[in-house]
Amino acid sequence: MRLALFEPDIAGNVGAVLRLGACFDTPVDLIEPMGFAWNDAALRRAAMDYGGQADVVRHADFHAFAEKLPGRVILFTTRGSIPLNQARFEPGDTLLFGSEGRGAPDYVHERADLAVRIPIRAGLRSLNLAVSAGISLAEALRQTDGFPPQ
C-alpha cells in the first residue's frame, strides 16, 4: 500500500500525510510541482519529527510517477463513481489524492484503475486532503490486514 499526492498545494497537508505514512509504515509519493518550496526546513516544519521516519519518494511529474507504479492506482476524488464503503483494496494499491485547489486532471482520472469517493453529507463539497487520506488508508489497511505490528 502506498499514498500519493498529486501536485499538493499546502505544506501542512503534506506534513500530516507524511506523519500518517510514518505511523502506518506506508510509503508516500509526492508528485511535483508542489505549491510551495520543498527543502529540509519545510520538511521539518510540515512533518515535525516524523519526516525522518517517513518513506518519501518525489517524482518530477505524473508521468515519472506512473512509470514506477507497482500496482493499481486508486484515485480518491469527488467525481468518483465508487463509494469508499464499496471499494475493494489490494495490498499493492497506491491511494492517489489530487491537489487541494484543482483536484486531479482528466489524464490522471484516465490512468486510475478505480475512482473512489468518500461519502459525505449532501451539500458539502469535500474533506481536507489529510483527513481524506487518513480515512482512506485506514479502510484500505483494514481490508488488506495491512496495519503495522504494534
Side-chain angles (χ1 to χ4, degrees), residues 1-84 87 89-120 124-142 144 146-148:
M1 196 72 58
R2 301 182 72 84
L3 290 167
L5 304 181
F6 176 82
E7 300 182 2
D9 294 324
I10 302 171
N13 283 335
V14 173
V17 171
L18 292 181
R19 186 173 183 162
L20 185 66
C23 289
F24 288 105
D25 197 22
T26 301
V28 178
D29 294 284
L30 300 176
I31 304 163
E32 300 194 38
M34 293 188 279
F36 53 92
W38 189 255
N39 53 41
D40 289 341
L43 174 62
R44 281 192 304 279
R45 199 169 38 258
M48 298 176 11
D49 55 340
Y50 290 84
Q53 306 255 355
D55 178 1
V56 181
V57 179
R58 291 172 61 187
H59 304 275
D61 56 31
F62 183 75
H63 301 292
F65 162 75
E67 287 176 1
K68 296 181 181 179
L69 282 172
R72 301 186 310 165
V73 175
I74 312 301
L75 177 62
F76 287 83
T77 171
T78 56
R79 295 170 29 195
S81 60
I82 301 169
L84 177 62
F89 298 96
E90 299 172 5
D93 288 345
T94 296
L95 311 182
L96 176 61
F97 300 85
S99 162
E100 296 94 333
R102 298 173 313 281
D106 289 341
Y107 67 87
V108 172
H109 280 261
E110 290 164 7
R111 173 58 182 86
D113 296 287
L114 294 176
V116 176
R117 65 181 158 73
I118 300 171
I120 61 174
L124 299 179
R125 188 180 69 230
S126 63
L127 294 165
N128 168 276
L129 171 67
V131 170
S132 296
I135 291 168
S136 304
L137 180 60
E139 176 60 15
L141 294 175
R142 183 193 69 78
T144 60
F147 283 102

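In terms of the salt bridge (charged side-chain N to carboxylate O under 4.0 Å, His left out) criterion, residue partners of R111 (sequence neighbours excluded) are, by chain and number, D113. For R142, the side-chain hydrogen bond (donor to acceptor under 3.5 Å, both in side chains) test picks out E139, with sequence neighbours left out. A search for ring pair (Phe, Tyr, Trp, His ring centres under 6.0 Å) contacts involving F24 returns F147, not counting sequence neighbours. Checked against side chain to side chain contact (heavy atoms under 4.5 Å, CB included), A130 has the following partners two or more places apart in sequence or in another chain: N13, A16, V17, N128. By the side chain to side chain contact (heavy atoms under 4.5 Å, CB included) test, E32 is found to be paired with M34, R58, residues two or more places apart in sequence or in another chain being considered. For P91, the side chain to side chain contact (heavy atoms under 4.5 Å, CB included) test picks out T144, with sequence neighbours left out. With sequence neighbours excluded, the residues forming a side chain to side chain contact (heavy atoms under 4.5 Å, CB included) with R117 are P83, P119, listed by chain and number.
In this structure, the separation between CG on D93 and CG on L69 is 10.5 Å, given to the nearest 0.5 Å. Taking CG of D55 as the start and CG of D25 as the end, the distance is 8.0 Å to the nearest 0.5 Å. Atom CD1 of I10 and atom OG of S99 lie 8.0 Å apart (nearest 0.5 Å).
You'll find the side chain of L20 reaches within 4.5 Å of the side chain of L3, heavy atoms only. Taking the side chain as every heavy atom from C-beta outward, S136 and F76 approach each other to under 4.5 Å. Looking at heavy atoms from C-beta onward, R72 lies in side-chain contact with L114 at the 4.5 angstrom threshold. Looking only at side-chain heavy atoms (C-beta outward), F6 and L30 stay at 4.5 Å or farther from each other. The shortest distance between side-chain heavy atoms of M1 and L137 falls below 4.5 Å. Side-chain contact between F36 and V14 is present, with heavy atoms from C-beta onward closer than 4.5 Å.
Of all the heavy atoms in L129 and G98, the pair that sits closest is CD1-O, 4.0 Å. Nearest heavy-atom pair across A133 and F97 is CA-CZ, 3.5 Å. The two residues V28 and G21 come nearest to each other via the heavy atoms CG2-CA, 4.1 Å. Nearest approach of T78 to S126, heavy atoms of both residues: CG2-CB, 3.9 Å.
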For this session: Show your working on side-chain contact (heavy atoms from CB on, under 4.5 Å) between L5 and E100 and close with a plain yes or no.
Result: CA-CA 10 Å; L5 304 181; E100 296 94 333; over 6 Å; no
For this session: Give the C-alpha distance, both sets of side-chain angles, the deciding distance and a yes or no for side-chain contact (heavy atoms from CB on, under 4.5 Å) between I135 and L127.
Result: CA-CA 10 Å; I135 291 168; L127 294 165; 3.9 Å; yes
For this session: Take L95 and R2 through the side-chain contact (heavy atoms from CB on, under 4.5 Å) test and state the conclusion after the steps.
Result: CA-CA 6 Å; L95 311 182; R2 301 182 72 84; over 6 Å; no
Return all side-chain donor-acceptor pairs below 3.5 angstrom for residues 59-68, not counting sequence neighbours, or 'none' if the list is empty.
| unit_1 | atom_1 | unit_2 | atom_2 | d |
| --- | --- | --- | --- | --- |
| H59 | NE2 | D29 | OD1 | 2.8 |
| D61 | OD1 | H63 | N | 3.1 |
| D61 | OD1 | A64 | N | 2.8 |

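Contacts classified as salt bridge (charged side-chain N to carboxylate O under 4.0 Å, His left out) and involving residues 6-17 (residues at least two apart or in different chains) are given here: E7-R102, D9-R102.
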